[in-house]
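All values derive from a computational prediction rather than experimental measurement. Ligands are counted one by one from 1 in listed order, and the atoms in each one are counted from 1 as well. We number each residue from 1, following the sequence as shown.
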Amino acid sequence: MEDQKIAEFRGQLRGELITAQDPHYDTARKVYNAMIDRKPALIARCNDAADVVTALRFGRENKLRVSIRGGGHNAAGLGVCDDGLVLDLSPIRYVHVDAASRTVRVGGGTTWGDVDHATHAYGLAVPSGIISTTGVGGLTLGGGLGHLTRRYGLTIDNLLSADVVLADGRMVVASADENPDLFWAIRGGGGNFGVVTSFLFQAHPVHTVCAGPMLWELDQAADIMKWYREFIVSAPQDVSGFFAFMTVPPGPPFPEPLHMKKMCGIVWCCTGSMDQANQILEPLRSYRRPAFEFFVPMPFPMLQSMFDGLYPAGLQWYWKADFVKELGDQAIDLHVRHGSRLPTLFSTMHLYPINGAAHRAASGDTPWQYRDATWSSVIVGVDPDPANRENITKWARDYWEALHPFGAGGAYINFMMDEGVDRIRATYGENYNRLAAVKSRYDPTNFFNVNQNIAPA
Ligand SMILES: Cc1cc2nc3c(=O)[nH]c(=O)nc-3n(C[C@H](O)[C@H](O)[C@H](O)COP(=O)(O)OP(=O)(O)OC[C@H]3O[C@@H](n4cnc5c(N)ncnc54)[C@H](O)[C@@H]3O)c2cc1C
């Protein structure tokens with residue numbers, strides 16, 4: 001591309017424009033998953049919605065592939081593209097809390113750690129994910145599940161409105177009252193419909209939670225899973241817990257004899273008092289006493305960033321996922337078999353409950369079709385060493401192939417790598433055609449296609 005054109009584009013932006021000639025190009029193109037190594041032609045750091053409009057126009061006029069980068073966490077690296085233009089929203093980073101209405105206005109490039117930090121000061125929280133460095137943009141547009149899902153629903157269930165820049169450069173609001181079809185589509189349909197520069201969320205009173213992991217030896221894993229599958233479907237909504245196979249990290253708070261041991265666990269989050277939480281979990285403690293537990297009252301942001309240190313940016317990640325309605329004995333046996341073979345310290349399997357308040361919405365209320373699922377399972381092979389790439393990928397694939405026949409069909413869109421159109425269709429099910437119709441209204445040329453793509457109808 002001509003230097004003149006690039007210079008003009010640079011002059012029109014408030015934010016920085018980065019090319020391959022810039023010394024920090026390699027840092028700017030990196031995303032969270034080190035398996036992704038894409039080389040965009042240009043990275044436009046957008047300072048505001050006006051920069052987004054300018055960058056989209058430049059992309060359109062020069063027929064460039066365009067990707068939208070929020071927090072850069074996407075498993076498949078959908079925030080970056082080869083040879084095209086990356087709209088890096090990270091400078092659009094702010095959180096404004098309105099304590100009176102308990103609403104939170106969040107910039108399109110903000111991370112969840114920023115949101116938790118700002119809302120905690122008001123004794124409020126917005127339901128999100130379990131790692132604080134994840135972007136608000138991608139997580140929200142895909143659905144958003146985490147510790148508060150059973151209590152207050154998915155992140156999309158708490159989205160009130162969004163400011164969206166469309167493919168043709170128009171700036172619109174999507175809410176129940178304005179462009180309601182677009183509002184429906186962005187609550188699960190990903191970055192297919194436009195660039196969200198600002199989100200407005202409903203927050204909830206959450207301050208100190210009783211939370212943390214309980215761990216058991218692997219020979220108790222089947223019993224724990226059987227207890228958990230009964231418990232979590234009828235537990236009070238202020239209790240959440242996800243089941244995990246994990247390797248115990250070699251450091252505090254874990255006792256030395258457990259370091260590097262493969263174990264199973266449940267990571268709890270109870271929004272009630274410690275007395276209530278202990279009463280609810282007492283039957284579990286007396287059924288199978290945990291080998292270790294770190295279940296204490298803690299500020300909500302502490303829980304939200306508990307795993308950040310274990311999972312810094314720059315590790316190799318390979319993801320496989322499914323929605324799960326029932327967890328039968330045969331599936332549990334297979335889980336224990338594959339979960340016992342975790343290939344590396346960082347690799348894990350999580351079963352996130354998506355029942356409770358997440359079941360209040362019906363399948364067609366948002367694009368999130370699997371409102372009747374009980375769990376979202378995710379198997380992640382993770383390691384810092386690129387030489388282990390094959391090893392972690394094979395383990396995750398083998399595990400998934402064994403369990404997939406027991407799944408509900410689709411998978412949480414934000415837990416998938418690039419798995420093709422059939423998997424995307426399976427995930428949206430009956431909502432797919434409606435999404436395609438909305439896509440044809442707001443992005444008829446499929447300009448936004450670096451995503452879990454929904455082709456225009
Ligand atoms: C360590 C880790 C833990 C995770 N834990 C959870 C969890 O607990 N719960 C959960 O629900 N998910 C979780 N996820 C998955 C996460 O939701 C997805 O990876 C999500 O895509 C990340 O969003 P991002 O903005 O950081 O990603 P990016 O890579 O920046 O963007 C991903 C895609 O989102 C779209 N996008 C992002 N921002 C915008 C925007 N402002 N406007 C329009 N489109 C946009 C784009 O299409 C882009 O291609 C986790 C991911 C990781 C890596």
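Remark: K439 engages D443 in a salt bridge (charged side-chain N to carboxylate O under 4.0 Å, His left out) (not counting sequence neighbours). With sequence neighbours excluded, the residues satisfying ring-ring contact (aromatic ring centres under 6.0 Å, His included) with F199 are F201.
Residue, atom and distance of the protein heavy atom nearest to atom 34 (O) of ligand 1 are G138 CA, 3.4 Å. For atom 32 (C) of ligand 1, the nearest protein heavy atom (residue, atom name, distance) is N74 CB, 3.5 Å.
In this structure, W268 has its ring center at least 6.0 angstrom away from the ring center of F242. In this structure, the ring of H350 has its center no less than 6.0 angstrom from the ring center of F245.
Geometrically, R229 does not engage F231 in a cation-pi contact defined by less than 6.0 Å to the ring centre and at most 45° from the axis.
Distances from atom 1 (C) of ligand 1 to the heavy atoms of Y412, Y32, F199 put Y32 nearest. Checking L139, N33, L78 against atom 12 (N) of ligand 1, the nearest heavy atom belongs to L139. Closest to atom 51 (C) of ligand 1 by heavy atom, among F415, W319, W317, is W319.
Shown in contact with L89 at under 4.0 Å from a heavy atom are these atoms of ligand 1, numbered in order with element: 40 (C), 41 (N). Here is the list of ligand 1 atoms found below 4.0 Å of a heavy atom in G72: 24 (P), 26 (O), 27 (O), 28 (P), 29 (O), 30 (O).
Between R29 and the options D88, D22, D37, a salt bridge (Lys or Arg N to Asp or Glu O under 4.0 Å) holds for only D37.
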